[in-house]
Amino acid sequence: DESHHIKNPKGKISKVAQKLANQAEYLTLLSGTPIPDTLEDYAVPFHLLNGDICSSPADFADLYGNNPRVLWNFFNENSLRRTSEDINSHLEAEEIYEDIELDPVQRELYNFIVNKKSPVSNWQNQARKCLLDPRLVDPLVLKDAGLLGKVSFENSAKYQRLEEILTSEDGPLQNGEKFVIFSSMYKQGVTSEHEDLEKRYLELGLSDLFEKLEFNKTLGEKLEEMLEGSDISIGVIDGNVPDIEERERIVDGLNDGLEGIICTTKTGGESLDFTEANHAIFLDVGYSPVTTDQALARIVRQGQKKKVK
């Protein structure tokens with residue numbers, strides 16, 4: 001299962017999978033993720049499923065290069081493709097896009113980053129961080145903008161709007177429904193403490209300013225504080241929870257005390273069933289649309305009994 005992970009023939013997971021597959025009497029490759037970024041990404045699956053023609057992944061390029069029709073015919077005859085639309089056509093899902101007015105401090109910082117295009121680090125990445133949470137921005141950029149020590153959790157317009165969405169009349173908390181919040185671009189500072197940024201502040205002798213940012217609390221903990229009157233509990237799933245059974249235990253918590261889960265899109269977008277929730281909130285959108293679609297498919301799937309927002 002999740003066979004898209006074996007597309008790199010030199011990867012450790014791929015090598016182990018190839019070894020096991022070559023010993024198997026029967027083999028079926030399953031994946032809910034579109035595999036090919038390039039034709040070469042078909043090399044390992046083709047080799048494993050058709051070893052008589054392709055004795056190793058290295059032989060694959062010559063095979064399809066000489067006769068692309070071989071590749072088309074093989075996958076056309078040996079694969080079953082079912083899209084989520086085919087399976088879940090009866091399910092309702094409403095997409096809502098929010099235009100959010102930036103906080104004044106956030107707007108000032110964003111304009112500075114975009115206009116100056118600071119060479120401290122990738123300025124586009126700094127701009128994206130600013131749009132989510134100004135605290136994530138590199139301290140040297142904050143210093144150049146005259147905002148070092150002047151940004152806080154409250155300066156994130158997205159987080160303030162997130163609180164409004166959760167508590168609105170048609171939101172999950174008012175209706176006894178569950179939610180999943182996805183962070184596509186960032187883990188540290190959202191689902192976990194920001195160790196890298198802490199080191200950055202320490203290198204610059206600014207550890208006291210880092211403490212004021214309150215990154216010792218995750219977004220889930222901050223939301224629990226903001227919604228104290230609602231007495232909610234929020235689980236967290238990211239790369240710091242590597243064990244799949246532990247991730248599933250957290251998901252099961254939606255039936256046992258958890259009102260919601262915050263997770264990274266990559267981690268929450270595979271192998272988990274979020275159908276107990278019917279509100280999916282994306283703090284940002286990743287560069288690959290497939291990643292977002294995969295995460296949404298964790299909720300809009302068989303077993304979902306409510307309309308998904």
Side-chain angles (χ1 to χ4, degrees), residues 32-34 84-85 88 91-103 106 110 124-125 127-136 153 156-168 170-173 175 177-192 194 218-224 226-227 232 234-241 247 250-251 254 258-301 304 306-309:
T33 300
S84 58
E85 289 81 2
N88 302 321
L91 298 178
E92 289 187 84
E94 177 186 4
E95 293 188 25
I96 304 170
Y97 292 91
E98 292 273 349
D99 290 325
I100 301 173
E101 183 67 30
L102 295 181
D103 173 89
Q106 194 175 19
Y110 179 77
Q124 293 99 330
N125 192 30
R128 290 198 68 152
K129 289 179 177 180
C130 175
L131 291 176
L132 176 60
D133 181 352
R135 299 178 302 161
L136 297 171
F153 179 87
S156 170
K158 284 192 177 184
Y159 288 163
Q160 304 312 310
R161 180 61 183 134
L162 176 60
E163 179 187 9
E164 295 172 359
I165 290 173
L166 294 177
T167 57
S168 64
D170 59 348
L173 297 183
N175 294 280
E177 296 173 336
K178 309 293 184 175
F179 61 87
V180 180
I181 300 170
F182 292 99
S183 175
S184 298
M185 295 296 294
Y186 307 111
K187 178 182 77 172
Q188 292 193 39
V190 182
T191 60
S192 67
H194 207 316
T218 65
L219 175 59
E221 291 170 327
K222 296 290 287 187
L223 285 174
E224 289 173 355
M226 295 165 68
L227 303 170
I232 70 167
I234 301 174
V236 174
I237 298 176
D238 60 18
N240 293 331
V241 187
R247 294 178 184 178
I250 295 172
V251 174
L254 292 173
L258 289 183
E259 279 69 41
I261 290 174
I262 298 177
C263 61
T264 52
T265 305
K266 183 176 181 180
T267 303
E270 288 188 358
S271 304
L272 297 177
D273 185 337
F274 287 133
T275 51
E276 285 301 318
N278 66 308
H279 293 259
I281 303 170
F282 291 85
L283 295 175
D284 48 23
V285 179
Y287 291 118
S288 172
V290 170
T291 305
T292 301
D293 293 344
Q294 275 287 104
L296 187 57
R298 302 294 98 196
I299 297 178
V300 184
R301 60 190 291 120
Q304 179 58 258
K306 297 180 179 180
K307 178 180 179 179
V308 175
K309 293 185 178 180

| Separation between CG of Leu227 and CD of Glu163, rounded to the nearest 0.5 Å | 5.0 Å

| query | Residues in side-chain contact (heavy atoms from CB on, under 4.5 Å) with Leu223, at least two apart? | reply | Leu162, Leu166, Ile181, Leu219, Met226, Ile234, Ile262

| remark: The side-chain hydrogen bond (donor to acceptor under 3.5 Å, both in side chains) partners of Arg135 (sequence neighbours excluded) come to Asp133

| Sequence neighbours excluded, which residues qualify as ring pair (Phe, Tyr, Trp, His ring centres under 6.0 Å) partners of Tyr159? | Phe153

| remark: Sequence neighbours excluded, the answer for side-chain contact (heavy atoms from CB on, under 4.5 Å) partners of Ala280 is Phe182, Phe282, Leu296, Ile299

| Glu94, Glu95, Glu177 screened by side-chain contact (heavy atoms from CB on, under 4.5 Å) with Lys309, the one that passes | Glu94

| query | Which salt bridge (charged side-chain N to carboxylate O under 4.0 Å, His left out) pairs, counting each pair once, include a residue from residues 292-301, with sequence neighbours left out? | reply | none

| Residues two or more places apart in sequence or in another chain: which of them pass side-chain hydrogen bond (donor to acceptor under 3.5 Å, both in side chains) with Asp273? | Thr275

| Validation row: Leu283, Ser184 side chains within 4.5 angstrom (heavy atoms) | no

| query | Partners of Glu164 by side-chain hydrogen bond (donor to acceptor under 3.5 Å, both in side chains), sequence neighbours excluded? | reply | Arg161

| remark: OG (Ser156) and CG (Asp103) are apart, to the nearest 0.5 Å, by 8.5 Å

| field | Atom of Thr267, atom of Leu272 and distance for their closest heavy-atom approach | value | O-CD1, 4.2 Å

| said: Going by side-chain contact (heavy atoms from CB on, under 4.5 Å), name the residues that satisfy it together with Glu276, two or more places apart in sequence or in a different chain. | reply: Leu254, Asn255

| said: As a quick check of understanding, evaluate side-chain contact (heavy atoms from CB on, under 4.5 Å) for Ser183 and Asp284, giving each step before the final call. | reply: CA-CA 6 Å; Ser183 175; Asp284 48 23; 4.3 Å; yes

| remark: Looking only at heavy atoms, the pair that brings Ile250 and Leu258 closest together is O-CD1, 3.3 Å

| Listed by chain and number, what are the side-chain hydrogen bond (donor to acceptor under 3.5 Å, both in side chains) partners of Ser168, not counting sequence neighbours? | Asp170

| query | For His279, what residues pass the ring pair (Phe, Tyr, Trp, His ring centres under 6.0 Å) criterion, not counting sequence neighbours? | reply | none

| note | For Leu136 and Gly189 the tightest heavy-atom approach is CD2-CA, 4.1 Å

| message | Is there a side-chain contact between Val251 and Ile237 in this structure, where contact means two heavy atoms from C-beta onward sitting under 4.5 Å apart? | response | yes

| message | For Glu92, give me all partners under side-chain contact (heavy atoms from CB on, under 4.5 Å), at least two apart in sequence or on another chain. | response | Lys307

| request: Please report the closest heavy-atom contact between Asn240 and Asp238, naming both atoms and the distance. | output: N-OD1, 2.8 Å

| query | Does Lys187 NZ have over 12 foreign heavy atoms under 6.0 Å away? | reply | yes

| field | Shortest non-hydrogen contact from Ser192 toward Thr218 | value | CA-CG2, 3.9 Å

| query | About how many Å separate NZ of Lys158 and CD1 of Ile281, when rounded to the nearest 0.5 Å? | reply | 12.5 Å

| query | For residues Gln188 and Tyr186, is any side-chain donor paired with an opposing acceptor at under 3.5 Å? | reply | no

| field | Pairwise side-chain contact, Cys130 with Gln106, heavy-atom cut-off 4.5 Å (strictly under) | value | yes

| task | Work out which heavy atom in Val285 is nearest to a heavy atom in Arg128; give both atom names and the distance. | result | O-NH2, 2.5 Å

